[in-house]
Trainee: 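The following block contains the structure, expressed as structure tokens.
Below, chain A is the first sequence line, B the second, and so on; all start at residue 1.
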Amino acid sequence: MNTFIQVLVNGILQSGTYMITTLGLALAVGVVGILNLAHGEFLMVGAFLSIIFYTVFGIDPLISILIVSLLILLLGIGTYKISLKKVLDSAEVNQLLLTFGISIILQNIAVLYSGSKEVMVINPPYRDLSWNIEGIGISFSKTLVFIIALILVITLFYILNNTKVGKSMRAVEQNRYGAYIVGINADRIFKIAFGVSVGLAGLAGVMLSIILYATPFIGFNYTLKAFAIIMMAGMGNLRGILWSSLILGIIESALGTYVPGGTGWSEGIFFFIILIILLVKPEGIFKK
Amino acid sequence: MLKIENINVFYGLVQALWDISIEVPEGSIVSIVGANGAGKTTLMRTINGIIKPKSGKIIYNGIDITGKDSNYVVSNGITHVPEGRQIFPKMSVYENLEIGAMFIKDAWEKRKETMEFVFSLFPRLKERINQAAGTMSGGEQQMLAVARALMGRPKLMLVDEPSLGLSPALTLTVFDALKKANKEGVTILLVEQNVKKSLEMAKIGYVLENGRIVMKDDGKTLLANPHIKKAYLGV
Ligand SMILES: Nc1ncnc2c1ncn2[C@@H]1O[C@H](COP(=O)(O)OP(=O)(O)OP(=O)(O)O)[C@@H](O)[C@H]1O
Ligand SMILES: [Mg+2]
């Protein structure tokens, strides 16, 4: 019984990582329709900045998180203005090429910085902190990631459905021409959405720097997984992201515990589940 | 209220509007009639700021809005019932209406009141207030497009073929709504394929042919004109 609860707890906490790394991309891809292949690299830059702030200036990630998110949000707005803006009206493959290019540039910059260091890890005092409740271990930092992810999903959901800027984002995606007709400044909306999207990626990077490690090459895997979760959830469906992350997290955790050598397959299983879902229900399982 | 002076509009290298001048007096209904491809929609989009004219001027209440972006034009009280409705399909009727008022300061403050007004014009929309707009019938969507434009409490409303695809009964409802809005003080620039109806209710009519204005007169006079009768009324 205890093992089962532990599996559940680990799975739920793992889902926090999926949520937090996917949320930003869900805003760009699912809500306003920008295909950003550099999502994971913005995340990686966030993790790097967090590590730099900690090792060079001694600033804790939980404090630098605000500065880093803001910096990456501005980086996103800059990226939008000088490049992305120009390709939004052309074929989608141009967005893919452009953002792929950006991902390589960010990777190279990170390589220049990290040089020969293989992986970068930081050890804030709470890194390995965990509670033990009735024999169930609960990691503090993973709980923190989960709670922040949950708050962000709910906040974004609220903003999209209840504020002018959120409704404008949905309007722009549903009917660009209609958006112009009612007086929406579509350019401004894309700029904000993309800025917030990569800002959230940066924030995710900081959180991951607490529980995992960073190299210049961690980005692509996150981009791929985030795209997969968005497909599973159904485009533009934030609630679906929550459920999808939970399902994937719990399956992954169960596999690691109950199947000998199961952790080794977790990546494979992740994409296997996604593949099955795409075959059976291509519009996403949580699409209303 | 609106004064268009000698505008020329191009799609790439192809000229769509030639030296167009039009005047819309405050409080009036002005109709533009013309065959398919004459350039009516192009004219509406140019006023709205979606297309920029190559030359000429558009003056609205004394301010030059030539080449301004649509969000600027809309925020100044010009709303648009576009060709093809262009509603937001995944939003509810309520949200579509709300968004029609969202970017015009005065309209946003009075949105509750305005919504009562548009529901009095189109009770059907009130019945479907929570339905996703994309799942409504074509006629209902057209009513929504008109209602959304009214939600902006426009000073000037650009109306592009509101009766397209509507049954005769619904056409009447929509035209009645336009007349009522006009009585409430909304100036209307109307483009219609239903030439008879639109010239009947218009103070002034313009005839647009191949991107050029070929005639201008008051609505009733144009209706009696032999060329109009032959070309547009099939008499
Ligand atoms: N986006 C575009 N690119 C190139 N040419 C265009 C474009 N839109 C319209 N045109 C051309 O401009 C001319 C005027 O088109 P417009 O849509 O303004 O006509 P219209 O009077 O509204 O016709 P209808 O009654 O069929 O709606 C047409 O010859 C059309 O082919
Ligand atoms: Mg037209």
Trainee: Mark yes when over 12 heavy atoms from residues, nucleotides or ligands other than B:K54 sit less than 6.0 Å from its NZ; otherwise mark no.
Mentor: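 At most 12 heavy atoms, drawn from other residues, nucleotides or ligands, come within 6.0 Å of this atom.
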Trainee: Under 4.5 Å from any heavy atom of chain A, what part of B:I50 do you find: side chain, backbone, both or neither?
Mentor: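 The side chain, not the backbone.
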Trainee: Just by distance, do the side chain of B:Q86 and the backbone of A:Y177 share a donor-acceptor pair under 3.5 Å?
Mentor: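 No; zero donor-acceptor contacts below 3.5 Å.
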Trainee: Could you tell me whether the side chain of B:N71 and the main chain of A:I184 form a donor-acceptor pair under 3.5 Å?
Mentor: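 Side chain of B:N71 to backbone of A:I184, a donor-acceptor pair under 3.5 Å: no, none is there.
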Trainee: How many angstroms lie between atom CG of B:N96 and atom CD of A:Q174, to the nearest 0.5 angstrom?
Mentor: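 Reported value, rounded in 0.5 Å steps: 8.0 Å.
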Trainee: Does B:R124, at its CZ atom, have more than 12 non-hydrogen atoms belonging to other residues, nucleotides or ligands within less than 6.0 Å?
Mentor: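 For B:R124, atom CZ is not crowded (no more than 12 foreign heavy atoms under 6.0 Å).
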Trainee: Taking atom types as modelled and ignoring hydrogens, do the side chains of B:R45 and A:Y180 form a donor-acceptor contact shorter than 3.5 angstrom?
Mentor: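 The answer is no; no qualifying pair exists.
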Trainee: Counting only heavy atoms from other residues, nucleotides and ligands, does the tally under 6.0 Å from NZ of B:K52 exceed 12?
Mentor: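 Yes, because the 6.0 Å sphere around NZ of B:K52 holds more than 12 heavy atoms from other groups.
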Trainee: Considering non-hydrogen atoms only, spot the tightest contact between A:V182 and B:G100 and give its length.
Mentor: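 That closest heavy-atom pairing would be CG1-CA, 4.4 Å.
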Trainee: Any heavy-atom pair between the side chains of A:N185 and B:F103 that's under 4.5 Å?
Mentor: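 No, side chains not in contact.
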Trainee: Take atom CZ in B:F119; do more than 12 heavy atoms of anything else shown fall under 6.0 Å from it?
Mentor: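 Buried by this count: over 12 neighbours within 6.0 Å.
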Trainee: Could you grab the distance from atom NZ of A:K164 to atom CH2 of B:W108, nearest 0.5 Å is fine?
Mentor: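 If I round to the nearest 0.5 Å, the distance is 5.5 Å.
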Trainee: So B:T79 and A:I181, do their side chains get closer than 4.5 Å, heavy atoms only?
Mentor: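 No, every pair of side-chain atoms sits at 4.5 Å or beyond.
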Trainee: Tell me, yes or no, whether the heavy-atom count around A:F220 atom CZ, taken from other residues, nucleotides or ligands under 6.0 Å, exceeds 12.
Mentor: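 It does not: A:F220 CZ has 12 such atoms or fewer within range.
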Trainee: Using a cut-off of under 4.5 Å on heavy-atom pairs, state which of B:H80, B:E98, B:R85, B:M102 scores highest against chain A.
Mentor: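 With the most close heavy-atom pairs to chain A, the winner is B:M102.
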Trainee: Contact part of B:I104 toward chain A, heavy-atom cut-off under 4.5 Å: side chain, backbone, both or neither?
Mentor: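 For B:I104, no heavy atom lies under 4.5 Å from chain A.
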Trainee: Can you confirm whether A:Y158 is buried at OH, in the sense that more than 12 heavy atoms of other residues, nucleotides or ligands lie under 6.0 Å from that atom?
Mentor: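 No - once you tally the heavy atoms of other residues, nucleotides and ligands closer than 6.0 Å, there are 12 at most.
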Trainee: Compare every heavy atom of B:E95 with every heavy atom of A:N161, then report the nearest pair and how far apart it is.
Mentor: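 Taking every non-hydrogen atom into account, O-OE2, 4.4 Å.
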Trainee: Could you check whether any side-chain heavy atom of B:K90 comes within less than 4.5 Å of a side-chain heavy atom of A:R170, counting everything from C-beta outward?
Mentor: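 Answer no - side chains too far apart.
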